[in-house]
Amino acid sequence: MRIIFDEKNKVFLLHTENTTYGLAVVDDRYVEHLYYGARIEDTDIRYLLREDEAPFTPSVNKRETGAFLDCAPMEYPETGMGDYRESAFCVRSMAGYRASELAYEGYEIEDGKPELRGLPATWGSPEDCMTLKVFLRDSLLGIKVTLLYSIFRGLDAVVRSVLVENEGSEPFYLEKVLSACVDMDDRGFEVLGLFGSWARERHIQRMPLGYGRQNIASVKGESSHQEHPFLALVTPETTQESGEVYAMNFVYSGNFIAQVEKSQFNSVRMLMGIHPEGFTWKLEPGEQFTAPEVVMVYSGQGLGNMTRTFHDLYREHLIRSPYLHEKRPILINNWEATYFDFDEKKLLEIAKDASELGIEMLVMDDGWFGKRSLDDSSLGDWYVNEEKIRGGLHTLVENVKKLGMKFGIWIEPEMISPESELYRKHPDWAIQIPGRDITQSRAQYVLDFSRDEVVDGVYEMIAEVLRSADISYVKWDMNRQLATLGSCALPPDRQGELFHRYMLGVYRMQERLITDFPHLLLENCSGGGARFDAGMLYYSPQIWCSDDTDAIERLAIQEGTALIYPVSAMGAHVSVCPNHTVGRTTPFETRGDVALLGTFGYELDITKLSEEEKEQVKSQVENYHKYNDLIREGDYYRLASAAENRYYDSWMIVEKDKSRALLFCVHVLAEANAKSRFLRLSGLDPEKRYLVEGKAYTGRTLMHAGLRIPAVFGDFKSRLIEIKEAPLL
Ligand code: DGJ
């Protein structure tokens, strides 16, 4: 890990273990992107800027500045001066003009990494990371922009954010402040993204890159079920194990844009940041605005290597929870077991049977508060419904604890039901446009979390519940998108700040929750996985992955999620069949194996399981205890994708020291005339000898010739195979 400034060549190089990111100052004014890719040591690389070719030389090319601006590889492109590709920065002056000229002013290189106030972000000690700050200034409006780049010891990632300060004498309006931009020559790139819908989140899609702009975005006020704040450019030959990948992932949970543009000159501009639609931010003299962080990963060894870099970075430098490296309690959640139809008696029946099978925590889901018996009331009334929970919460929790179990609870703090005491008392607390009907979704409105009094008011009610009983876990849900966007508290020229201020309010309350209740295990959730993103991981070590608990549907969802996020963060449960979302029946064993890849738990009425199924629960619980350390801390390798081949899915988790691994194979569809398959394993030490089901092989054999997996009769069958380093002969 090293950051260099070559004074003579005016070149900055950020060296990670295996990659280099470079920028250069041109004519003491422009900051241009120089290089991103495999590690190179030379600093004399200005030839990469093509300064000897027109129109890449601004100083000798004055009558054609426009041509220069529109084709040079810009590090932080602006609106208004002649770069017609998508800009990263747009400012509107009080006089109404949209333009800026951010000229290079200087730099600083420091050990460590500054905090991004109020925002989730990667972190690290001065020994573990370094930061480059590049200062830019627009002298007409007094705008100071700091481009921040941090790198980490042993990790091939560059994280970026942007700080804007008003050092002038008048306010101005920020209309766009994206967090990262990379300009490169096209190399026949393809675009990789994650797409879906409710119950079908984060399916991987790979598409050709054409001329023009292709973007992945959300303007829903959350990172969303549909599109995901992740974008990668890959070369056509890129596979799990080889080829180039340039990836960006946003450490933010609200509106985003991730865009790639192929220009008339075959250059490619990749951008990521807060979506400019519906965004403006008034910056008064002396004020600052910080754009959230983008994580960039370059891999020259395929997608698998990119995945493992993201996993390690997020486990070592993003997730802060004390549970990160802990085996989480195996939970049973009553949602699919009862939906809203439960009382304390039913919960205790579930807890009793669950505790006998080794399950360690009962989670009481939606429906325990106010007068809620369906999804049409009481959000905001955060007190226990004693008609349902007779004897109160404290008694229920104590009774659950007597069974040797912990207790967890569901909340949805950002919401308010029109049918609630809170709404009757504070109708102005809902996000709304005066004079218009508020768009309803699931019969609920969204609270205006841009207002401190709203966040604090809701927090106090929830904290009171948490203080009233011994609650070990909270599931924080969020079940609708934002619409009819307006705040009763913001002045007209600040209404465009609502989306982002809302997110800052959510982050503030999550921070307060985990600070005041440091032993709380927080799981984020949003109607399934609509807010499974790196922003949320800063507050909670796990996130509910999807409301679709069908083991086969989960293959693609978990494959897409694990493309970036550590498997230790994926909320995954065993549920009943026929599955409530798709009606499919799969073997109990397969459901257990698929859920084992995540945090692991149950979401079913355990009192209704057959004796045979209960026996299977016991062995799944045993597997969890046996393998969770490895699954949580190991390296993830994707071997096969049923989303691509239709028939089988397979992945491995390998211990960091390569002494042990776990192989998962799910046969999705049976094939006629099937023969056994030689599955080539990954991530092992070629020189080590491994024992697999009683037979010894070298790692080299298992990785090149493969492990023989017999043909399977029937659909949806899974196998879990342990691979252990063989003792020396
Ligand atoms: C959506 C969540 O994803 C479910 O698990 C459940 O908690 C419901 N909300 C409750 O309303």
Side-chain angles (χ1 to χ4, degrees), residues 192 202-204 206 234 237-243 245 299 301-311 551-552 554-568 570 572 589-590 593-598 623 627 630-631 634-656 658-671 674-686 688 690-693 695 697-712 715-725:
L192 196 86
R202 290 174 296 286
H203 282 218
I204 298 171
R206 189 161 169 169
V234 297
E237 69 284 0
T238 296
T239 62
Q240 279 295 317
E241 279 160 7
S242 65
V245 185
S299 161
Q301 288 96 43
L303 286 163
N305 185 51
M306 171 207 75
T307 292
R308 290 182 290 280
T309 302
F310 275 116
H311 288 193
I552 301 306
R554 273 288 179 131
L555 296 177
I557 296 170
Q558 295 185 181
E559 179 189 3
T561 307
L563 185 70
I564 332 170
Y565 304 109
V567 301
S568 62
M570 293 200 300
E589 193 185 358
T590 304
D593 287 350
V594 173
L596 214 52
L597 186 68
N623 275 347
Y627 297 127
L630 167 60
I631 293 171
D635 286 332
Y636 168 88
Y637 289 83
R638 171 57 56 174
L639 303 186
S641 163
E644 279 172 18
N645 66 37
R646 282 187 67 213
Y647 294 105
Y648 72 107
D649 219 60
S650 182
W651 61 90
M652 278 174 77
I653 307 280
V654 182
E655 194 105 49
K656 290 270 179 204
K658 301 193 182 294
S659 62
R660 195 162 80 116
L662 203 56
L663 169 66
F664 294 77
C665 306
V666 181
H667 285 269
V668 176
L669 291 179
E671 290 167 85
K675 52 184 192 298
S676 57
R677 175 171 284 125
F678 300 120
L679 189 63
R680 291 181 180 184
L681 308 192
S682 277
L684 301 173
D685 181 339
K688 279 193 161 76
Y690 293 95
L691 270 181
V692 189
E693 298 181 322
K695 179 170 163 44
Y697 310 76
T698 61
R700 195 180 300 282
T701 301
L702 288 170
M703 292 195 289
H704 292 288
L707 181 70
R708 182 163 175 258
I709 307 289
V712 174
D715 297 336
F716 315 138
K717 307 255 172 85
S718 76
R719 285 186 68 187
L720 192 62
I721 299 171
E722 191 177 5
I723 298 162
K724 262 189 172 169
E725 189 175 351

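Values in this document were obtained by computation on a predicted structure and should not be read as measured data. Below, each value reflects all heavy atoms present in this structure, side chains not excepted, and no hydrogens, waters or symmetry copies.
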Does Leu684 form a side-chain contact (heavy atoms from CB on, under 4.5 Å) with Lys658? I'd like the steps, not just the answer. CA-CA 6 Å; Leu684 301 173; Lys658 301 193 182 294; 5.8 Å; no
Apply side-chain contact (heavy atoms from CB on, under 4.5 Å) to the pair Ile552 and Asp715, showing each step before the final yes or no. CA-CA 10 Å; Ile552 301 306; Asp715 297 336; over 6 Å; no
Would you check, one step at a time, whether the test side-chain contact (heavy atoms from CB on, under 4.5 Å) holds for Glu559 with Arg638? CA-CA 8 Å; Glu559 179 189 3; Arg638 171 57 56 174; 3.4 Å; yes
Residue pair Leu681, Met652: steps toward the side-chain contact (heavy atoms from CB on, under 4.5 Å) verdict: CA-CA 8 Å; Leu681 308 192; Met652 278 174 77; 3.7 Å; yes
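Taking the six-membered ring where the residue is Trp, the centroids of Tyr636 and His311 are separated by under 6.0 Å.
Between Ile723 and Leu662 the shortest side-chain heavy-atom distance does not fall below 4.5 Å. Using a 4.5 Å heavy-atom threshold, the side chains of Ser650 and Leu679 count as touching. The side-chain heavy atoms of Leu555 and Val668, taken from C-beta on, include a pair separated by under 4.5 Å. In this structure, the side chains of Val567 and Ile631 come closer than 4.5 Å at one or more pairs of heavy atoms. Considering only heavy atoms from C-beta on, Pro686 stays 4.5 Å or farther from Thr698 through its side chain. Residues Ile721 and Leu707 have side chains in contact (heavy-atom distance under 4.5 Å, counting atoms from C-beta outward). Residues Glu589 and Leu720 form no side-chain contact, since every pair of their non-hydrogen atoms from C-beta on lies 4.5 Å or further apart. Taking 4.5 Å as the limit, every side-chain heavy atom of Val245 sits out of range of all side-chain heavy atoms of Leu192.
Although no hydrogens or angles enter the test, the distance criterion places a donor-acceptor pair under 3.5 Å between the side chain of Thr561 and the main chain of Ile557. A donor-acceptor pair under 3.5 Å is absent between the side-chain atoms of Gln240 and the main chain of Gly302, judged by distance alone. In this structure, Thr590 contributes its side chain and Phe716 its backbone to a donor-acceptor pair below 3.5 Å. For Asp649 (side chain) and Ala642 (main-chain N/O), a donor-acceptor pair under 3.5 Å exists by modelled atom type. Between the side chain of Asp593 and the main chain of Leu596, no donor-acceptor pair closer than 3.5 Å is present. With hydrogens and angles disregarded, no donor-acceptor distance shorter than 3.5 Å links the side chain of Thr238 to the backbone of Val234. For the pair Thr307 (side chain) and Leu563 (backbone), a donor-acceptor distance under 3.5 Å is present.
Between the CD atom of Gln301 and the OG1 atom of Thr239 there is a distance of 11.0 Å, given to the nearest 0.5 Å. Interatomic distance, CG of Leu663 versus CD1 of Ile709, reported as 5.5 Å (0.5 Å rounding). Distance check: Lys675 NZ to Arg677 CZ gives 9.0 Å after rounding to the nearest 0.5 Å. The structure places CZ of Phe310 at 10.5 Å from OG of Ser299, a figure rounded to the nearest 0.5 Å. In this structure, CD on Glu671 lies 5.0 Å from OH on Tyr647, to the nearest 0.5 angstrom.
Salt-bridge annotation for Glu693 and Arg719: present, with a side-chain N of the basic residue lying under 4.0 Å from a carboxylate O of the acidic one. A salt bridge does not link Arg700 to Asp685: none of the charged nitrogens lies less than 4.0 Å from a carboxylate oxygen.
Within a 6.0 Å sphere centred on NZ of Lys656, heavy atoms belonging to other residues, nucleotides or ligands number more than 12. For Arg660, the CZ atom counts as densely surrounded, since its 6.0 Å shell holds more than 12 non-hydrogen atoms of other residues, nucleotides or ligands. Around the CZ atom of Arg708, the shell of radius 6.0 Å holds no more than 12 heavy atoms that belong to other residues, nucleotides or ligands.
The minimum heavy-atom distance between Met570 and Ala562, with the atom names listed, is SD-N, 4.1 Å. Among all heavy-atom pairs drawn from Ser718 and Val666, the shortest one is CB-CG2, 3.9 Å. Ala572 and Gly598 get closest at one heavy-atom pair: CB-CA, 4.1 Å. Here the closest heavy-atom approach between residue Gly560 and residue Ile204 is recorded as CA-CG1, 3.8 Å.
Under 3.5 Å, the side chains of Glu722 and Tyr627 contain a donor-acceptor pair of N or O atoms. No hydrogens or angles considered: a donor-acceptor pair under 3.5 Å links the side chains of Glu241 and Ser682.
Under a cutoff of 6.0 Å and an axis angle of 45°, Lys688 and Tyr690 do not form a cation-pi pair. Remark: Arg308 is positioned above the aromatic ring of Tyr637, its terminal NZ or CZ atom under 6.0 angstrom from the ring centre and at most 45 degrees off the axis.
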